[in-house]
Amino acid sequence: MPRRSAFLSVFDRLLSAHGPQHWWPGETPFEVMVGAVLTQNTAWSNVERAIVALKENAALDPECLLAAAPATVARWIRPAGYFNVKAKRLRNFCRWYLKQGGYDVLARRETGALRHGLLSVNGIGPETADDILLYAFERPVFVIDAYTRRLFSRLGMCEADAGYEPLRAAVEQALARELTRSRGAGRAVWKRNSVPLYNEYHALIVAHAKRSCRARPLCQDCCLAGICPGRQ
DNA sequence: ACCCAGGGTCATA
DNA sequence: TATGACCATGGG
């Protein structure tokens, strides 16, 4: 079992090692949503090219994406890989998004219902849905990805094969306990702090993975911080 | 020439 | 329910 402030401690060490990340890299909520789909199992540098292409074609917009032929969208997003699959997924998402009434309507929905709706779209799985919930709708949802599971399991804070939902619930509950105790004020403070904490935490885990020991065998930041995940 | 990347779906047993 | 195949580009 992790010690009582394990998750906050790791957060503090990641923050001092890598600095604030200011995520998500995207100018509008809709750009965040598109990026969340495009980055599925794909390096962000490739996603950026695809988003630039969408902007150049004035297509970073749900109506435009739906109006364009799937093959055309696939051509625009080609650098992001899996372009046929992702063109279809973007289409599914835009259809749902507009049918629901767009951002302002969705933003009024309760988090659980919004999450359920996102997951009903073919091509939106738990991580993509949670990226959208946290970074486009600012909901208190801790995003789990392969890096997160790897880091926490190597630190002995979860099982290596922990399922998505159990791990998410465990991390959220642990952080809630740690934060309400260590910063001492109870539920109101927790609710105010959880979104920026989750935002920065996930961003830091990704930044940490990108700067891992493959690139720098003796990298000072993560190894000195005692949280270097290394490589498989 | 490898391996990996900010997943998810579908078919099979 | 639990694996495996599949999707595809670009950088190290």
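By convention in this document, chain letters (A, B, ...) are assigned in the order of the sequence lines, proteins followed by strands, and residues within each chain are numbered from 1.
Sequence order on DNA chain B of the closest nucleotides to A36(A) and G123(A) puts A36(A) first from the 5' end.
Using a 5.5 Å limit on the distance between ring centres and a 30° limit on the angle between planes, the aromatic ring of W44(A) counts as stacked on the six-membered base ring of dG6(B). We find that the ring of Y82(A) and the base of dG8(B) do not stack by the test of centres under 5.5 angstrom and planes tilted less than 30°.
Regarding H18(A), its NE2 atom lies at a distance of 15 Å from the C1' atom of dG6(B), rounded to whole Å. In this structure, CD1 of I205(A) is placed 17 Å from C1' of dA5(B), rounded to the nearest angstrom. In this structure, the CG atom of D145(A) is 16 Å from the P atom of dC4(B), given to the nearest Å. Per the geometry, CG belonging to L119(A) stands 11 Å off C1' belonging to dG8(B), to the nearest Å. K88(A) has its NZ atom 16 Å from the C1' atom of dG7(B), to the nearest Å. At whole-Å resolution of the value, CZ in F142(A) and P in dG6(B) are 16 Å apart. A straight line from CD of Q40(A) to P of dT9(C) spans 17 Å, rounded to a whole angstrom. The separation between K86(A) atom NZ and dT9(B) atom C1' is 14 Å, rounded to whole Å.
A side chain to side chain contact (heavy atoms under 4.5 Å, CB included) with V195(A) is found for one member of R139(A), E138(A), E200(A) and no other, namely E138(A).
Nearest to the side chain of Y147(A), among dG6(B), dA8(C), dG7(B), sits dG6(B).
Following chains of ILVMFWY side-chain contacts shorter than 4.5 Å, one cannot reach Y82(A) starting from F93(A), and the two form parts of different hydrophobic clusters. Residues L98(A) and L65(A) fall within the same hydrophobic cluster, defined by Ile, Leu, Val, Met, Phe, Trp and Tyr side chains chained together at heavy-atom separations under 4.5 Å.
Nucleotides dG8(B) and dG10(C) have their P atoms positioned 23 Å apart, rounded to a whole Å. Taking atom C1' on both dC7(C) and dC4(B), the two are 15 Å apart, rounded to the nearest angstrom.
At the heavy-atom level, V85(A) lies under 4.0 Å from the strands shown only through sugar-phosphate atoms. In this structure, R89(A) reaches the bases: a heavy-atom distance under 4.0 Å links it to at least one base atom across the strands shown.
Defined by atom type and a distance below 3.5 Å, a donor-acceptor pair is present between the side-chain atoms of R95(A) and N92(A).
In terms of phosphate contacts, N122(A) brings a side-chain nitrogen or oxygen within less than 4.0 Å of OP1 or OP2 of dC10(B). Contact check, T128(A) against dG8(B): a side-chain N or O comes under 4.0 Å of OP1 or OP2. Taking only side-chain nitrogens and oxygens, N41(A) never comes nearer than 4.0 Å to OP1 or OP2 of dG8(B). Residue R49(A) has a polar side-chain atom (N or O) positioned under 4.0 Å from OP1 or OP2 of dG11(C).
Looking at D130(A) and H202(A), their side chains never come closer than 4.5 Å, going by heavy atoms from C-beta outward.
The partner of dC7(C), taking Watson-Crick or G-U wobble pairs whose two distances both stay under 3.5 Å, is dG7(B).
The aromatic ring centres of Y97(A) and F30(A) sit less than 6.0 Å apart.
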